[in-house]
Amino acid sequence: MSASEAIDKRMLDLAARVAWRAVGDVEPNPLVGCVIGRERDGDVEILGIGHHRRFGGDHAEIDALKACHQRDRDVRGATMWVTLEPCVHTGKTGPCADAVIRAGVARVVIAVSDPGEVSRGGACVLANAGVETRFTAASVDAVRLSQPWRHRLETGRPWVIAKWAQTDDGALTTPQGQSNWISNERSRLDVHRLRAKVDAILSAVGTVLADDPLLTARGVRRIRRVATRVIVDSSVRTSPDARVLSMAADAPIVVAASKRRLTDSEVAQRAASLRESGARVEGFPTGDQGVDLESLLRWLSESTDASTVMTEAGSQLLESLAEKDLIDEAQVYVGGEKTSVSHACDPPATLRFIDGNVHTVVSTRRFGADRKLVYRRPDPACRRDAGFS
């Protein structure tokens with residue numbers, strides 16, 4: 001890696017770290033970060049840093065330009081590093097590419113192109129205006145930042161985060177007579193933080209019948225998004241007295257049933273009872289778990305504008321999602337204690353859900369004795385690195 005590439009990586013890494021602060025606040029828009037600086041003798045004088053902070057607010061480029069103005073820093077002739085191609089359309093804000101040109105920025109380094117039909121093309125606009133423009137995949141973090149947003153545009157499905165806990169020797173449940181909790185309290189609080197940032201929480205009727213969960217975010221400092229609780233329940237076995245229904249007025253609840261089974265009078269009667277308790281009962285084509293999961297995910301994207309979905313389910317629903325290649329990210333909490341006589345082993349660096357699709361570890365973290373590993377599906381944009389002309 002050349003000195004210039006090393007600088008590009010460092011600045012885009014910084015932009016990605018800053019942008020990550022807005023998870024749960026900007027969706028359905030993408031996370032975007034931006035750094036403006038002036039290169040001097042192999043280093044960078046940072047003039048301003050910005051990121052997209054909330055849906056409908058300033059985009060990252062505008063936020064960074066305002067930060068420079070507030071510090072009385074002149075950006076003419078400077079370099080801008082931004083994690084996503086500047087937009088060209090007027091939506092809730094004006095075109096970012098035009099603002100960059102007006103500011104006099106001389107060079108723009110971009111981590112990944114914008115695939116949006118109305119927003120893409122900023123690189124062309126910049127280049128035609130005489131701004132030196134370059135794409136680079138030097139920062140994997142900057143590329144991955146917008147992966148969930150790009151995934152939804154390209155597939156029509158929200159980004160699915162499969163969450164589960166396992167023991168240090170690979171078990172998903174504890175032996176009878178031991179604590180029901182595999183992970184510790186700090187790990188469980190981290191799960192609630194995730195619940196407070198996603199658009200929907202996907203579970204199955206088996207989990208509801210066995211555990212009677214609330215499926216809400218609790219004990220966190222700020223709830224950024226109130227997630228829709230979605231129960232895959234083909235025959236509508238969920239009880240109107242279930243705890244998930246007790247919160248229906250504060251957090252939406254959707255029961256995903258089989259469209260075919262809803263024609264049965266008894267099932268239809270149970271569905272009517274759930275609707276009276278505040279649930280939304282929707283019928284879907286029959287598939288794995290009694291409901292076609294891909295149809296359900298597309299419906300969540302189209303009907304509820306869901307960008308991110310996390311799972312709170314047992315192995316059957318997880319296996320069904322995996323078999324259909326519907327898991328985009330896995331967050332795995334590995335308990336610090338073994339629960340059997342087998343030898344503990346390190347979690348794998350990759351997870352293979354279907355042939356040819358290997359999810360790799362992108363981050364690790366410790367919560368006391370527990371370990372959290374985050375796996376993601378491959379992102380082709382991480383392998384692209386090209387100039388622009």
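Numbering of residues begins at 1 and proceeds along the displayed sequence.
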With side-chain hydrogen bond (donor to acceptor under 3.5 Å, both in side chains) as the test, would you mind laying out the steps for Q166 and W164 before giving the verdict? CA-CA 7 Å; Q166 67 180 56; W164 71 84; 3.2 Å; yes

With salt bridge (Lys or Arg N to Asp or Glu O under 4.0 Å) as the criterion, how do E302 and R298 come out once you've worked through the C-alpha distance, each side chain's angles and the decisive distance to 0.1 Å? CA-CA 6 Å; E302 295 167 2; R298 289 184 183 278; 5.6 Å; no

Run the side-chain contact (heavy atoms from CB on, under 4.5 Å) test on F367 and Y333 for me, step by step, so that the C-alpha distance in whole Å, both residues' side-chain angles and the decisive distance to 0.1 Å come before the verdict. CA-CA 9 Å; F367 294 103; Y333 296 84; 4.2 Å; yes

Walk me through whether R150 and D379 qualify under salt bridge (Lys or Arg N to Asp or Glu O under 4.0 Å). CA-CA 10 Å; R150 288 182 281 113; D379 184 353; 2.7 Å; yes

Intermediate values then yes/no, side-chain hydrogen bond (donor to acceptor under 3.5 Å, both in side chains), S307 and R152: CA-CA 7 Å; S307 298; R152 187 186 178 201; 3.2 Å; yes

Trace of the side-chain contact (heavy atoms from CB on, under 4.5 Å) decision for D199 with V309: CA-CA 6 Å; D199 294 302; V309 175; 5.8 Å; no

Are D325 and R377 close enough, and set up right, to give a side-chain contact (heavy atoms from CB on, under 4.5 Å), and what steps lead you there? CA-CA 10 Å; D325 192 25; R377 68 164 62 250; 3.2 Å; yes

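A salt bridge does not link D328 with R376: every distance from a Lys NZ or Arg NE/NH1/NH2 to an Asp or Glu carboxylate oxygen is 4.0 Å or more. Between E27 and R225 there is a salt bridge, since a side-chain N of the basic residue sits under 4.0 Å from a carboxylate O of the acidic one. E132 and R134 are not joined by a salt bridge, as no carboxylate oxygen comes within less than 4.0 angstrom of a charged side-chain nitrogen. Ion pairing between a basic and an acidic side chain is recognised when a charged N comes within 4.0 Å of a carboxylate O; E312 and R195 show such pairing. Using a cut-off of 4.0 Å between Lys/Arg side-chain N and Asp/Glu carboxylate O, R270 and D233 are scored as not salt-bridged. A salt bridge is absent between E5 and K9: the closest approach of a Lys/Arg side-chain nitrogen to an acidic carboxylate oxygen does not fall below 4.0 angstrom. Taking a cutoff of 4.0 Å between a charged side-chain nitrogen and a carboxylate oxygen, D25 and K197 do not qualify as a salt bridge. A salt bridge between D58 and R53 is absent, with no side-chain N of the basic residue lying under 4.0 Å from a carboxylate O of the acidic one. Salt-bridge formation is detected for the pair D190/R193: a Lys NZ or Arg NE/NH1/NH2 atom is positioned less than 4.0 Å from an Asp or Glu carboxylate oxygen. Contact check on R366 versus D370 returns no salt bridge, with no Lys/Arg side-chain nitrogen under 4.0 Å from an Asp/Glu carboxylate oxygen. Comment: D8 engages R107 in a salt bridge, judged by a side-chain N to carboxylate O separation of less than 4.0 angstrom. Ion pairing of R120 with E85 is absent here, as no side-chain N (NZ or NE/NH1/NH2) approaches a carboxylate O to less than 4.0 Å.
T155 contributes a side-chain N or O that, together with a main-chain N or O of H151, makes up a donor-acceptor pair within less than 3.5 Å. Although no hydrogens or angles enter the test, the distance criterion places a donor-acceptor pair under 3.5 Å between the side chain of N128 and the main chain of C124. One N or O on the side chain of R229 and one on the backbone of V244 form a donor-acceptor pair closer than 3.5 Å. Listed for the H192 side chain is a donor-acceptor partner under 3.5 Å among the backbone atoms of R218. The main-chain N or O of V23 is found under 3.5 Å from a side-chain atom of R224 such that the two form a donor-acceptor pair. The closest donor-acceptor contact from the side chain of S258 to the backbone of R261 lies under 3.5 Å. Using modelled atom types, no side-chain atom of H69 and backbone atom of D74 make a donor-acceptor pair closer than 3.5 Å.
No side-chain heavy atom of V35 sits less than 4.5 Å from a side-chain heavy atom of M80. The shortest distance between side-chain heavy atoms of I110 and W81 does not fall below 4.5 Å. Between L321 and L202, some side-chain heavy-atom pair lies under the 4.5 Å cut-off.
Under the 4.5 Å side-chain heavy-atom criterion for Ile, Leu, Val, Met, Phe, Trp and Tyr, V232 and L300 are members of the same hydrophobic cluster. V26 and I49 fall into different hydrophobic clusters, where Ile, Leu, Val, Met, Phe, Trp and Tyr residues are linked whenever their side-chain heavy atoms come under 4.5 Å apart, directly or through other members.
Taking a 6.0 Å sphere around CD of E45, one finds it holds more than 12 heavy atoms contributed by other residues, nucleotides or ligands. The local environment of CD in E266 is sparse, with at most 12 non-hydrogen atoms from other residues, nucleotides or ligands closer than 6.0 Å.
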